[in-house]
Amino acid sequence: MRCLSLLLATVALSSCAAGYPGGHKDIYHDSYGHDLRNELHRRNIVYDGNIAASYDFVIVGGGTAGLVLAARLSEDANTTVLVLEAGDTGDAVSSSIDIPGDAYYSSLLGTSYDWKYTTVPQAGGDNRVVPWARGKVLGGSSAVNGMYAVRPSKLELDTWAAMIDGGDQWNWNSMFADMKKSENFTAPSADIQAAGNIMYDASSHGTTGPLHVSYPGYIVPVVGNWTQTLADIGIPFSADANGGDGWGGFIATSTINPANWTRSYSRSAYIDPLPPRPNLAILANATVTRILFASNSSQGNLTANAVEYAASSNAPRLTVNVTKEVILAGGAIGSPHVLMHSGVGPQDILQAAGVPVNLALPGVGQHLQDHISTEVVWETSDETAASIYASTSPVRKSLISRAIHVVFMSIQQSTGASSPFLSFINSATAYANISDLVGLDTYQSFQANIASAIETSASSLVPSTDPTVQEGYKAIYNATANMMMTPVGQIEILLSLTGSSQGGANSIAIQAALQHPFSQGHLYINSSNPFDDPVIDPGYLSHSADLVMFREGLKLCRTLGNTAPLSSAMLQEISPGPSVQTDDDWDTWLATTFGTEYHPSCSCAMLPQNQGGVVDTNLKVYGLANVRVADASVFPIQFAAHLQAPVYGLAEQAATIIRSQYNGVAIPQPSSVTPPTPTTTQKGPTQTDNNTKNGATWSRPHLGFSLACVVFAGVASML
């Protein structure tokens, strides 16, 4: 202990004398002053700006999907791949990315590593402008998100596949295989499983993929009461939330590497472990401004032959040639943004922005959908992750962070040790279906009223006059309405133990998030400058059904928090508080508090072109010979899930499709997969009774800091 205390004292003194302050502009050092250039070279990252004049594939966006595609396509040594990423490498802030708890306590949101988008004022949100954070760094939003690894259900993926001819390669069987392909699953320890009342089925997980998926190394005791309390209010345990029946209550897996309790994301999983590949280059700080098309290509079959990019709006525009394809992987905002600045999109929008029209494609930027959420908050005297973290002083926390980093740098390779406590992130999850929200006696008439309002909704709520876009709205609307009669979750419910703005560290929040909105929005450009943000209008709560489901989900949160055994941790409700009781009270309050759950999608939807679709089943943009989109923008519907899981699966499948075209790699035909037999009794559209327990016993876990407990103790003894 004395030796470690001296080490930490040395860390503290040296940091005062020589600690590099950490800036996003210095890509050569991290925030502790360590030179990164050898590592950058090893990881195929170009840090001097020198790239080749031409590549077979240029991937626009080095985020969740883009880096998967880069790794998979460059497995073929005779194929050259370039990734252009607008954000920085992330090395200067590696600890904020790598330590899971820092997603809450030292978040990069609001910094230069965040695009910091905002919506237009939302009528359904008390005319507020809603922030839309997106990761602007290698790894994209997978480097800054909450790390939930929650898949869509079989019903949802099969619904997507049925919305377009030839969509079978996106059904449950295909996507399940691809999500497993990406995954390296580690089961929880016996202590963690018992403490959290965790249920899982190992056969639903992959064990050979690059992306680590596991459970935290420490769990806050109140989590153990989650699934039992849900069962007591009629929302059953989920025996296997990852196997196709993604509803009910469960403790979610997270993208955490249990070997060292660090975040696993697209860069650390798919790029960092690679040896140098002469056929792969990744260039950060390179914003794609437009795709260039060959002058001799025919209308309706335009061929991309180059990509233009720049370091900033004032920097010179550079070009790199493309011999095979451009693959857009910029996400639900970035991909339609690049298409429109390339002259591909709604003709009226392009003309108004002063962008020459290369191809009129009305669906670009349309059908935009998102999850919204807010929370009910209670004071608590129980331990929360935030209260444990807050119990250390700012000086201690700074020293702890630096000490942990020193431990990582010096012994991670030999021991794999770090802090199990800082691996704790929120993961207690549930998906409530429509009967859970409006009742068994009401859900059928509620759904019927929604279904009958399709024409009225299409004529009044679609933000486009194009008839194909309106037909696409109807197709999405019908699919969403039909799923309402199944067990699929309409509201996600999350337990938050990492502090709240209303109650600080000594509070517990239960969050509700709308999963299948009937409200659709759009995004578009209003300038010819590609460095100007697009206009984002998700049209939140423009359809009345969304408001009803969201409100009833929040009421369910209150009921859950007031039900034993979870209620034993709750004291006074502080938000919205006891003054909110009637439907009007709830509606007024939620309009002032909700925000995004950070899951935008559907803005380059995979639909038939006569329904405002942007890409076909092979992800090719209609009317473009060699441009694909491979990210969350191609989903035609929202999922009751966290989108990184299906995006990893989509990217794996996209790489297979592309390699099958150029390299003769056959697309595998996955066998039919049937979700596990439910362990509960079905009522209405879902199971609403469950008296079966999973056999796991709850016990208060020790504060298992492993090596980091010594670090904490050493810092404490020094101060």
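Numbers here are sequence positions counted from 1.
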Quiz prompt | side chain to side chain contact (heavy atoms under 4.5 Å, CB included) evaluation trace for V326 with N626 | solution = CA-CA 6 Å; V326 175; N626 62 337; 5.7 Å; no
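- The two residues T617 and W170 have their closest heavy-atom pair at O-NE1, 2.8 Å.
- Looking at heavy atoms from C-beta onward, K324 lies out of side-chain contact with Y55 at the 4.5 angstrom threshold.
- Between the side chains of Q169 and N618, a donor-acceptor pair is found at a separation under 3.5 Å.
- We find the CG-CD1 distance between N260 and I99 to be 10.5 Å, quoted to the nearest 0.5 Å.
- Of all non-hydrogen atoms in G331 and P336, the two that sit nearest each other are O-CD, 3.7 Å.
- Checking each of T287, T289, T319 against E308 for a side chain to side chain donor-acceptor pair (under 3.5 Å) leaves exactly one that passes, namely T289.
- M175 is not listed as a side-chain neighbour of E156, based on a closest heavy-atom distance of 4.5 Å or more.
- The closest side-chain heavy-atom distance from V357 to Q351 is below 4.5 Å.
- Side-chain contact of N529 with S527: a donor-acceptor pair under 3.5 Å is absent, judged by distance alone.
- The two residues Q653 and S174 make their nearest non-hydrogen contact at NE2-CB, 4.3 Å.
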Quiz item: Between T89 and D91, does a side-chain hydrogen bond (donor to acceptor under 3.5 Å, both in side chains) hold up when you go through it step by step?
Solution: CA-CA 6 Å; T89 63; D91 291 283; 2.9 Å; yes
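- Here the shortest heavy-atom pairing between A286 and Y309 reads CB-CD1, 3.8 Å.
- No hydrogens or angles considered: nothing links the side chains of Q638 and H599 as a donor-acceptor pair under 3.5 Å.
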Quiz prompt | Pair V83-L283, side chain to side chain contact (heavy atoms under 4.5 Å, CB included): steps then yes or no | solution = CA-CA 6 Å; V83 178; L283 182 62; over 6 Å; no
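- In Y598, the OH atom is not crowded: 12 or fewer heavy atoms of neighbouring residues, nucleotides or ligands sit closer than 6.0 Å.
- Between the H371 side chain and the Q515 main chain, a donor and an acceptor come within less than 3.5 Å of each other.
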Practice problem: Go through E75 and R659 one step at a time and tell me if the salt bridge (Lys or Arg N to Asp or Glu O under 4.0 Å) criterion holds. | Solution: CA-CA 10 Å; E75 288 175 354; R659 294 174 73 183; 2.8 Å; yes
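- Using a 3.5 Å distance cut-off with no hydrogens or angles, the side chains of N257 and R263 do not pair a donor with an acceptor.
- For the pair R628 and F57, the cation does not sit on the ring face, since its NZ or CZ is not both under 6.0 Å from the ring centre and inside 45° of the axis.
- At a threshold of 4.0 Å, the pair R267-D272 counts as salt-bridged, since one of the basic side-chain nitrogens sits closer than that to a carboxylate oxygen.
- In this structure, D370 and W132 have side chains that are in contact, with non-hydrogen atoms separated by less than 4.5 Å.
- Atom CE in M606 sits 11.5 Å away from atom SG in C602 (nearest 0.5 Å).
- Using modelled atom types, one finds a donor on one side chain and an acceptor on the other under 3.5 Å when comparing Q122 with D537.
- Between N358 atom CG and I291 atom CD1 the span is 10.0 Å, to the nearest 0.5 Å.
- Formation of a donor-acceptor pair under 3.5 Å by the N171 side chain with backbone atoms of D168 is found in this model.
- In this structure, S96 OG and D102 CG are separated by 5.0 Å, a value rounded to the nearest 0.5 Å.
- A donor-acceptor pair under 3.5 Å is absent between the side-chain atoms of S74 and the main chain of N279, judged by distance alone.
- Contact of the L157 side chain with the F176 side chain is not registered, since no non-hydrogen atoms from C-beta on lie closer than 4.5 Å.
- In this structure, Q366 contributes its side chain and S603 its backbone to no donor-acceptor pair below 3.5 Å.
- Side-chain atoms of D631 and S633 form a donor-acceptor pair, as typed in the model, at a separation below 3.5 Å.
- Here the side chain of Q369 pairs a donor or acceptor atom with the backbone of H367 at under 3.5 angstrom.
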Quiz item: Given the rule in the side chain to side chain contact (heavy atoms under 4.5 Å, CB included) test, do L523 and V535 qualify, once you have shown the distances and angles that lead to the verdict?
Solution: CA-CA 5 Å; L523 64 89; V535 179; over 6 Å; no
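- A donor-acceptor contact shorter than 3.5 Å is absent between the side chain of T596 and the backbone of I372.
- In summary, the side chains of D76 and N78 do not present any donor paired with an acceptor at a separation below 3.5 Å, with no hydrogens or angles considered.
- Put simply, the side chain of S342 never gets that close to the backbone of V344: no donor and acceptor are under 3.5 Å apart.
- Using a 4.0 Å cut-off between charged side-chain N and carboxylate O, K180 and E652 make no salt bridge.
- Closest heavy-atom contact between Y270 and S182: OH-CB, 3.2 Å.
- Remark: the backbone N or O of P276 is not paired with any side-chain donor or acceptor of N44 at under 3.5 angstrom.
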Quiz item: Step by step, would you call Y622 with L361 a side chain to side chain contact (heavy atoms under 4.5 Å, CB included)?
Solution: CA-CA 8 Å; Y622 292 117; L361 193 60; 4.1 Å; yes
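- Classified by interplanar angle (parallel below 30°, tilted 30° to 60°, perpendicular above 60°), the ring pair H337/H341 is perpendicular.
- A heavy-atom distance below 4.5 Å is not found between the side chains of T118 and I536.
- Between the side chain of S142 and the backbone N or O of S266 there is at least one donor-acceptor pair closer than 3.5 Å.
- Each of N145, I97, T255 was evaluated against Y265; a single residue qualifies, I97, per the side-chain contact (heavy atoms from CB on, under 4.5 Å) test.
- In D165, the CG atom is not crowded: 12 or fewer heavy atoms of neighbouring residues, nucleotides or ligands sit closer than 6.0 Å.
- Across all non-hydrogen atoms, the minimal contact from A630 to L619 is CB-CD1, 4.1 Å.
- Using modelled atom types and a 3.5 Å distance limit, the side chains of S312 and N314 yield no donor-acceptor pair.
- Judged by distance alone, the side chain of S519 and the main-chain N or O of S542 form a donor-acceptor pair under 3.5 Å.
- Interatomic distance, CD1 of I637 versus CG of L607, reported as 10.0 Å (0.5 Å rounding).
- Using a 4.5 Å cut-off on side-chain heavy atoms (C-beta onward), L109 and V144 make contact.
- Using a 4.5 Å heavy-atom cutoff, the side chains of L339 and C604 are in contact.
- Atoms CE and CD, on M147 and Q644 in that order, are 9.0 Å from each other to the nearest 0.5 Å.
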Quiz prompt | Evaluation steps, side-chain hydrogen bond (donor to acceptor under 3.5 Å, both in side chains), between T323 and D56 | solution = CA-CA 5 Å; T323 59; D56 292 326; 2.7 Å; yes
